[in-house]
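Each residue takes its place number in the sequence, starting with 1. Each ligand, and each atom within it, is numbered from 1 in the order the structure gives.
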Amino acid sequence: MLVMKFGGTSVGSAEAMRRAGRIVQSRLARSPIVIVSAIGQVTDVLVAIGRSAAQRDRIKAFKLILELSAQHRTLLHQLGLENDAGLRTLLLEVEQQLKKLVETIIQAGYTPKPVSDELLSLGELLSAHILSRFLCSFGIDSVMIDSRKVMITDSQFGKAQPQWDAAREQARKTLMPLVNRAVVPVMQGFVGADADGRTTTLGRGGSDYSATLIGAMLNAAAVEIWTDVDGVLTADPTLVPEAKRIRRMTFQEAAELAYFGAKVLHPASLLPAVGKNIPVSVLNSQRPEADGTLISPKLIESDSKECVVKSIAYKEDITVVTVTSTRMLMAYGFLSSIFEIFNRYQTSVDLVTTSEVSVSVTIDQKDRLAEIQRDLSHFSQLEVQSHKAIVCLVGQRMRRTAGMPGLIFSILSDIPIHLISQGASEINISFVVDERDLPVVVRSLHKRFFSGPLDPEIFVVN
Ligand code: ASP
Ligand code: MG
């Protein structure tokens with residue numbers, strides 16, 4: 001059995017849907033289960049609807065709802081599904097529900113998290129129904145399975161975690177009989193429900209996570225992530241146009257990359273696959289014949305000295321918080337009292353460095369920063385620096401290469417570097433720079449590590 005996840009752009013137009021249909025068709029023999037994101041930028045529009053409602057701007061919210069409906073209606077038309085009674089009713093129902101949610105939010109004056117999840121879940125509800133009906137019209141036996149019946153989660157709205165046992169049982173009971181009858185289930189990514197049946201979401205970009213979770217629950221042979229890029233690249237092509245595709249990498253490398261900002265994968269999304277050793281491929285739905293990037297559990301023995309660094313990722317809009325306390329630093333429990341405060345405000349910390357008198361951490365969420373600052377200032381001095389970026393170099397071969405930090409920093413000798421951390425796994429080196437230096441940093445590093453001879457087994461060299 002194979003889990004195939006299609007991202008928003010891979011179902012974002014009639015043409016994209018047809019391509020997705022052909023891709024599913026080419027894999028029927030492998031018993032696919034399809035997971036889908038909302039089409040195009042629909043989730044962003046849903047967020048904007050919520051925001052307008054919270055600002056009590058009903059006119060704007062309703063205008064966005066009508067545009068959303070129109071976008072989906074056009075898609076149905078282009079797919080020849082305009083007379084599908086089920087889809088037409090669904091579209092009307094979703095429109096009604098959106099208007100109701102807007103009224104609820106206007107009343108409250110803000111968007112309660114459960115309401116936000118209900119709102120955001122509607123994009124995937126539409127795309128999954130549409131894709132499933134489209135597959136049927138394409139001659140593929142398919143049913144839409146509401147992931148709220150399968151993906152049972154806790155009640156952390158906005159970033160729900162699966163309740164593994166309950167969800168796996170539902171996945172087996174609901175999906176396997178269909179797969180065994182050669183029916184292709186299509187489910188919403190990103191969406192689940194808690195034990196009380198309230199809609200939850202797994203966090204933005206969570207459809208990848210849905211796919212690997214379902215894959216792991218059902219012991220899939222593989223998970224395919226269909227996107228609009230050729231796979232994982234050696235750097236962001238908007239900064240480095242000559243970036244190369246990586247043919248294969250390990251889970252560890254991919255997880256570090258996802259965590260530090262490579263935009264192709266959601267950071268948590270690999271964990272379920274790692275646990276079950278399920279290979280994950282990142283593929284381009286616009287060029288399905290290309291082989292993409294294979295992320296596999298196996299260490300790549302052949303990693304030669306021609307691929308010390310495999311990829312350079314970055315994460316912008318980072319804030320560095322430096323906590324200084326001459327009195328307390330070495331005292332027992334100091335570090336844990338710092339982390340306890342970040343934890344209390346559900347703000348996760350990416351990089352940490354310590355010196356004799358201070359601890360610096362980076363965060364990428366700022367919404368609770370004021371409270372964090374207040375609590376930390378009870379026992380230390382603080383410095384907060386914004387507009388920073390984390391740059392992260394990843395490669396399993398770095399572990400066996402002496403002098404990497406020295407080499408990297410000699411390349412960047414003119415650039416101020418704020419925080420340096422060599423991951424415990426030793427397959428990544430991360431550091432913080434000013435956001436404005438980012439393009440030059442990424443380009444210089446890429447030039448140094450990827451313009452010499454490259455291992456053709458690992459990189460697409462042309
Ligand atoms: N549609 C959701 C989002 O845009 C989930 C996803 O695409 O993975 O965040
Ligand atoms: Mg996505």
Peer 1: Inspect the contact between R19 and E15 and indicate whether a charged nitrogen and a carboxylate oxygen are less than 4.0 angstrom apart.
Peer 2: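 Result for this pair is yes, salt bridge flagged.
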Peer 1: Less than 4.0 angstrom from a charged side-chain N to a carboxylate O is my criterion; do K100 and E118 meet it?
Peer 2: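 Salt bridge flag = no for E118 with K100.
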Peer 1: Answer yes or no on whether K315 is positioned over the face of Y259, meaning its NZ or CZ is under 6.0 Å from the six-membered ring centre and within 45° of the axis.
Peer 2: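 Judged by the rule, K315 and Y259 form a cation-pi pair.
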Peer 1: Enumerate the atoms of ligand 1 whose separation from the nearest heavy atom of S207 is less than 4.0 angstrom.
Peer 2: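 Going through ligand 1 atom by atom, the ones under 4.0 Å from S207 are 5 (C), 6 (C), 7 (O), 8 (O).
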Peer 1: Counting from 1, what ligand 1 atoms have a heavy atom of R204 closer than 4.0 Å?
Peer 2: 3 (C), 4 (O), 9 (O)
Peer 1: Run the salt-bridge test on D44 and R204 with the 4.0 Å N-O cut-off and return the result as yes or no.
Peer 2: yes
Peer 1: For the CG atom of D367 and the OH atom of Y345, what is their distance to the nearest 0.5 Å?
Peer 2: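 It comes to 12.5 Å.
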Peer 1: Under 4.0 angstrom from ligand 1, any heavy atom of Q41?
Peer 2: no
Peer 1: Using a 4.0 Å cut-off to any heavy atom of S37, which atoms of ligand 1 qualify?
Peer 2: 6 (C), 7 (O), 8 (O)
Peer 1: Quickly, which of H387, K366, K388 forms a side chain to side chain donor-acceptor pair (under 3.5 Å) with D317? Name it, please.
Peer 2: K366
Peer 1: Indicate yes or no: does K310 engage E256 in a salt bridge with an N to O separation below 4.0 Å.
Peer 2: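 Looking at K310 and E256, the cut-off is not met.
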Peer 1: Could an N or O of ligand 1 be found under 3.5 Å from any N or O of D208, whether backbone or side chain?
Peer 2: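 N/O-N/O distance below 3.5 Å does not exist for this pair.
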Peer 1: Does ligand 1 have an atom that lies less than 4.0 angstrom from a heavy atom of G205?
Peer 2: yes
Peer 1: For ligand 1, which atoms have a heavy atom of T43 less than 4.0 angstrom away?
Peer 2: 1 (N), 2 (C), 3 (C), 4 (O)
Peer 1: For E124 and ligand 1, does the shortest N/O to N/O distance drop below 3.5 Å?
Peer 2: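 There is such a contact, yes.
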Peer 1: Is G189 in contact with ligand 1, taking contact as a heavy-atom separation below 4.0 Å?
Peer 2: no
